[in-house]
Protein chains: 2
Amino acid sequence: MANITSPARRVFEQNERCPIRNVVAQIGDKWSILILFALVDGPDRFNALKSRIKGISQRMLTQTLRDMERDGYVKRTVYAEVPVKVEYELTELGRGLAKSAWQLVSWADDHFDEISAARTRYDEANKQ
Amino acid sequence: MANITSPARRVFEQNERCPIRNVVAQIGDKWSILILFALVDGPDRFNALKSRIKGISQRMLTQTLRDMERDGYVKRTVYAEVPVKVEYELTELGRGLAKSAWQLVSWADDHFDEISAARTRYDEANKQ
DNA sequence: CGGAATCCGCGTAGATACTG
DNA sequence: CAGTATCTACGCGGATTCCG
């Protein structure tokens, strides 16, 4: 992790070109990552996504998909049928993001117990 | 990315053991990742961190450091000097997280221009 | 079916003042 | 120096209603 310092220096600059404050902050919201992984296996329709992602509201699914489309991660296709059919799929950029994000999620999965234990230990030590 | 499906299935379960909803939600806030990378080069003191991380308030630095300490990413050491000196450093777990998160940040850095272009394109196409 | 529009509560986070 | 305490506001996100 020696070469972590070079672009990490930009982390602390408040300017608009910091990749963390721009990109990571964007996908660090409540639903982006979940939607991202919901689409890795292929395209899906709006209501199908809504069913699979437990707890998401219509409003937030729409809004987050729009943001991801704006960033170029998701492509939206409308089929002129009756009733209308709308499919969402990852772009090449979106698949790249998913692949990178997967490292982090995978790590989180592997160390979930360890983190839980740390939380319990902390709470135990700091309770009245 | 064929093996992405196995733990990704847990992504859509709303329960408390979903590693994404727990860990990523925790470090996906406004400051955690920035603090994480602020500490990869070694321990640092409270006010030194505050100076390096542009824009963070005293309140949020304290609070986020507490949360990271609770999760076991950060170790806090108080030196009984006058005035008091407090050092923060990454634990082994914290360094592991930083290493995994680095994949994502590095990707974001590499594709920043591409994402910016997508945003401009989208805004251009959707303005009145 | 796939939204858009509106309303609104609650939590996050900023600013400020004070302290061991 | 490294916090804590309090107050406040803004925006995220949920619920609901309506529409092409």
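The basis for the numbers below is simple: all heavy atoms, side chains too, and nothing from hydrogens, waters or symmetry mates. Order of the sequence lines fixes the chain letters, A, B, ..., with proteins taken first and strands second; residue numbering starts at 1 for each chain.
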Please check this pair: side chain of B:Ser100 against backbone of A:Trp107, looking for a donor-acceptor N/O pair closer than 3.5 Å. no
Validation row: A:Gln26, B:Ile115 side chains within 4.5 angstrom (heavy atoms): no
In whole angstrom, what separates A:Leu61's CG from D:dC12's P? 17 Å
Could you tell me whether the side chains of A:Asp123 and A:Thr120 share a donor-acceptor contact shorter than 3.5 Å? no
Quick note, B:Tyr88 side chain, CB onward, closest among D:dG3, D:dA2, D:dG14 is D:dG3
Of A:Met60 and A:Pro83, whose closest DNA chain D nucleotide lies nearer the 5' terminus? A:Met60
Nearest whole Å is fine: how far is D:dA2 C1' from B:Asp44 CG? 13 Å
Quick one: does B:Arg52's side chain have a donor or acceptor within less than 3.5 Å of a partner on B:Ala38's backbone? yes
Sugar-phosphate, base or nothing in reach of B:Lys30, heavy atoms under 4.0 Å: sugar-phosphate
At under 4.0 Å between heavy atoms, what does B:Arg59 touch on the DNA or RNA strands: base, sugar-phosphate, or nothing? base
Could you give the start and end, 5' to 3', of the contact zone on DNA chain C for chain A, using atoms under 4.0 Å from its heavy atoms? C:dC1 to C:dT6
Indicate yes or no for a side-chain donor-acceptor contact from B:Asp29 to the backbone of B:Trp31 under 3.5 Å, with no hydrogens or angles considered. yes
Side chain of B:Ser32, backbone of B:Gly28: donor and acceptor closer than 3.5 Å? no
Without decimals, in angstroms, what is the distance between A:Trp31 CH2 and D:dG13 C1'? 9 Å
Take atom CD of A:Glu81 and atom C1' of D:dG20, then tell me their distance rounded to the nearest Å. 16 Å
Check every strand shown and say whether A:Gln58 touches a base, only sugar-phosphate, or nothing at a heavy-atom separation below 4.0 Å. base
Is there a donor-acceptor pair under 3.5 Å between the side chain of B:Arg95 and the backbone N or O of B:Leu90? yes
What is the distance, to the nearest angstrom, from the CZ atom on B:Arg66 to the P atom on D:dA2? 12 Å
Judged by each residue's nearest nucleotide on DNA chain C, which is more toward the 5′ side, A:Arg45 or B:Val84? A:Arg45
Starting from C1' on D:dG3, measure out to CG on B:Leu65 and report it in whole angstrom. 11 Å
